[in-house]
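As the structure is a computational prediction, the values presented were derived from the model and not from experiment. Just the heavy atoms: all of them, side chains too, but no hydrogens, waters or symmetry mates, feed the values below.
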Amino acid sequence: MRYSKFLAPTLRDDPADAEVISHKLLLRAGFIRRVTSGVYDYLPMGLRVLRKIENIIREEMNRTGAQELLLPMVQPAELWQQSGRWDKYGSELLRFKDRHAHESCLGPTHEEVICDLVKRELRSYKQLPMNLYQIQSKFRDEVRPRFGLMRGREFVMKDAYSFHADEDSLQEEYQTMFKTYQRIFTRLGLKFRPVEADTGSIGGSQSHEFHVLAESGEDLIAYCTHCDYAANVEKAVAKRNITAFVDAPLQHIDTPNVTAVEDVAKFLGVAKEQLMKTLVYQVVGGQYDGQVVAACLRGDDELQAIKLVRALGADEVMLAADTDLEAVGAIKGFVGPQNLGCKILLDESLDDAMGMVVGSNMLNQHDTGFSVLRDLPEAVFVDLRAVRLNDGCKHCDDGHIEHARGIEVGQVFALGQQYTKPLDVLFQDANGKRAIATMGCYGIGVSRLIAAVIEQCNDELGIIWPLALAPFQVSIITMGKSETSLKASETIYQGLLDAGVEVLWDERKERPGVKFKDAELMGIPYHIVVGDRGLDADAIEIRQRAGNKQEVPMADVVKSMLAILSQAN
RNA sequence: CGGGGCGUAGCGCAGCCUGGUAGCGCAUCUGGUUUGGGACCAGAGGGUCAGGUGUUCGAAUCACCUCGCCCCGACCA
């Protein structure tokens, strides 16, 4: 490609509305342009990178035997009603009516559509297992799109769906996909980490997310310093160090206007962990919809709200209003687990707690000497607490918990029969009986990967593409405008093109500095500098974007470049 | 959804407080000089000042409304 005709409009200044480095560089280097909130044009440069990523994913998916297909973006409401997600998915699902007033939506994901297809074509267990995937645009009407390609509303995703005759087969494919994802992200040159994940609105029984480690990541990951354990904080578990408290008789204590955990601890002269705080929530969705529930934690722990939501099978929980508190016999600031007129869940760390301080549900009073086993025999224990830095690892004895920021670029789910059941994906098993298929799904955020790679691969000059992803492998920078250097450049350009190299020839009538800056900004891995000076000395310079340079005779440029490229691959 | 900020040429910004015919840098076009790290000189093109309503002799500027964009938060008695 000759640069003078190529649509790659670079910007000298950072656009004012870009915050993270990948967003700034994608705009400045002329890879993308914003059309509207969370929606972007991919310019030729951006598309080239997108295609490279797609192809790596495609190669790795194909080698596992998965089959590529393409599903529609416009989907009928009926399918979503059948799975129950028409109501559940909320406003991220962009809904509209066609000219016949038929309700439709833009696909944010494709479980419904793929199940609809498979149920019509699947007859026998002999067809299973089967893994179908596509690489396609999705639309999710995000509350807050941000950071360019990192969280867009329209984005490119690889989504795969596997169907199985039984759970064992699903587990096998889950493992295959897990390993395939590791291969893909490794090939993309990323520092990443697979982590245990919440199954979220997709549902299912088991899930891992793949995170690219980066400061700008929107997710927080907890990981063990010693073993392989890593999990999204939404799901992470850990051992907490608990001082054993001495049992004591239950006793009312006046605590006038002392409400906050910190203040109560200080007032009574005890550690915060000796307090048991009771948080009251209003439940939305699920079997406790509209009810009030209480969650108890140690005073120094924080609730991980997602865990409470999962424990209740709810859609979300909201802090209860004062009137809700009164309705269950609680008083703001003095809430405790005793005589509460609602369901109570206790964090696991409280399973044998004694000698605790709790609210008494009476104004200006707390109780000391509370024993969970003695005073709350009906207690139900679940994991509710957010893990903290330096908590002990639950999976090994030597490690402790650290935090890292991550960009979620992939997720694998063992869905089970969550969708196949309501959508009637049936087949005839080996015994001739009708059975419900078991399902897994596996996503990769293809366009988000562009941003994730840049977050990890950049310097003060711009992007540094790994060779496998670069929009062009080589940029020929022609200095000056003498006939000799133009001719020499063209010879090299043709030579490389003939050898199948992706090469951008910067033959613009610009000064050298401009060309260097642009090539560096765009992150092209190798630059061949052709100028009169080098030609006179018969020493053409080959530079690496973020590395060494060498000089080779004009006659050897193409040969040397090819050697460098094949060695780098 | 709540809070904060911002909409003036393709990009980055000034002008607004104190109303009086819209400016700077970069980019673009023409001519010339220059050519191994974002050149220089001369000239030119490009704006319903986000949109609407109002106040006023007169509005980018003041008031109200709408739209768009960015950031932060959406949970701890």
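- In this structure, A/Phe472 has its ring center at least 6.0 angstrom away from the ring center of A/Tyr3.
- Among the nucleotides B/A77, B/C71, B/C75, the one closest to the side chain of A/Ala305 is B/C75.
- Contact between the side-chain N/O atoms of A/Arg12 and the OP1/OP2 oxygens of B/G12 is not found at any separation under 4.0 Å.
- Residue order along RNA chain B, read from the 5' end via each residue's closest nucleotide, puts A/Val530 first among A/Val530 and A/Val335.
- Following rounding to the nearest Å, A/Asp17 (CG) and B/C13 (C1') show an atom-to-atom distance of 14 Å.
- Distances were taken from every side-chain heavy atom of A/Ser37 (C-beta onward) to each of B/C69, B/A77, B/C71; the shortest belongs to B/C69.
- A straight line from NZ of A/Lys24 to C1' of B/C71 spans 13 Å, rounded to a whole angstrom.
- With distances taken from any side-chain atom of A/Leu319 to the nucleotides B/G38, B/C76, B/C69, the minimum falls on B/C76.
- Using a 3.5 Å distance cut-off with no hydrogens or angles, the side chains of A/Asp367 and A/Ser360 do not pair a donor with an acceptor.
- Nucleotide B/C11 forms a pair with B/G25, judged by Watson-Crick or G-U wobble geometry with both contacts under 3.5 Å.
- Between the C1' atoms of B/U28 and B/A9, the separation comes to 11 Å (whole Å).
- In the set B/C69, B/G36, B/A77, B/G36 carries the atom at the smallest distance from any side-chain atom of A/Glu541.
- Taking 4.0 angstrom as the limit, A/Thr36 places a side-chain polar atom (N or O) nearer than this to OP1 or OP2 of B/C69.
- Pairing for B/U61 is absent, with no Watson-Crick or G-U wobble pair whose two atom distances lie under 3.5 Å.
- Nearest to the side chain of A/Tyr281, among B/A77, B/C71, B/C75, sits B/C75.
- For A/Arg153 and B/G68, the CZ to C1' distance is 12 Å, given to the nearest whole Å.
- When Watson-Crick and G-U wobble pairs are counted only if both distances are under 3.5 Å, B/U30 pairs with B/A42.
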Next on the checklist: Could you walk me through whether A/Asp41 and A/Arg34 satisfy the salt bridge (charged side-chain N to carboxylate O under 4.0 Å, His left out) test, starting with their C-alpha distance in whole Å, then the side-chain angles of each, then the deciding distance to 0.1 Å, before giving a yes or no?
Outcome noted: CA-CA 6 Å; A/Asp41 295 320; A/Arg34 194 185 68 88; over 6 Å; no
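- No donor-acceptor contact under 3.5 angstrom links the side chains of A/Glu196 and A/Ser207, judged on distance only.
- Under the Watson-Crick or G-U wobble criterion, with both distances below 3.5 Å, B/G68 is paired with B/C6.
- Taking the six-membered ring where tryptophan is involved, the planes of A/Phe31 and A/Trp465 are tilted, since the angle between them lies from 30° to 60°.
- Of the candidates B/G12, B/C76, B/C71, the closest approach to any side-chain atom of A/Leu279 belongs to B/C76.
- Ranking B/G36, B/C70, B/C76 by closeness to the A/Met479 side chain, first place goes to B/G36.
- What separates NZ of A/Lys277 from C1' of B/C75 is a distance of 10 Å, to the nearest Å.
- Taking every side-chain heavy atom of A/Asp13 into account, B/G12 is the closest of B/C72, B/G38, B/G12.
- The nearest whole Å value for the distance from the CZ atom in A/Arg146 to the P atom in B/A74 is 10 Å.
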Item to check | Derivation and outcome, salt bridge (charged side-chain N to carboxylate O under 4.0 Å, His left out), residues A/Glu507 and A/Lys5 | outcome: CA-CA 10 Å; A/Glu507 27 65 289; A/Lys5 293 282 186 285; over 6 Å; no
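- Contacts with RNA chain B (heavy atom under 4.0 Å) in residues 501-516 of chain A: A/Arg511, A/Pro512, A/Gly513, A/Val514, A/Phe516, listed by number.
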Checklist entry - What's the verdict on salt bridge (charged side-chain N to carboxylate O under 4.0 Å, His left out) for A/Glu234 and A/Lys307, showing C-alpha distance, side-chain angles and the deciding distance? => result CA-CA 7 Å; A/Glu234 292 178 349; A/Lys307 291 182 177 177; over 6 Å; no
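- Pair check for B/C75 finds none; no Watson-Crick or G-U wobble contact set falls under 3.5 Å.
- Within the structure, every side-chain polar atom (N or O) of A/Arg144 is placed at least 4.0 Å from both OP1 and OP2 of B/A74.
- Among pairs with a residue in residues 520-542 of chain A, those fulfilling side-chain hydrogen bond (donor to acceptor under 3.5 Å, both in side chains) read A/Ser482-A/Asp532, A/Glu541-A/Arg543, at least two apart in sequence or across chains.
- Comparing B/C11, B/G36, B/C69 against the side chain of A/Arg533 picks out B/G36 as the nearest.
- Of the candidate nucleotides B/G38, B/C76, B/G36, B/G38 has the atom nearest to the side chain of A/Arg28.
- The stretch residues 337-363 of chain A does not touch RNA chain B, since none of its heavy atoms comes less than 4.0 Å from the strand.
- Checking A/Val261 against A/Phe147, the closest nucleotide of RNA chain B that is more toward the 5' end is the one next to A/Phe147.
- Between the NZ atom of A/Lys517 and the C1' atom of B/C26 there is a distance of 15 Å, rounded to whole Å.
- Summarising the geometry, the separation between CD on A/Gln282 and C1' on B/A77 is reported as 16 Å, rounded to the nearest angstrom.
- Between A/Asp14 atom CG and B/C70 atom P the separation is 16 Å, expressed in whole Å.
- Nucleotides B/G12 and B/A44 place their P atoms 26 Å apart, quoted to the nearest Å.
- A perpendicular orientation is assigned to the rings of A/Tyr89 and A/Trp80, their planes being inclined by more than 60° (bins at 30° and 60°).
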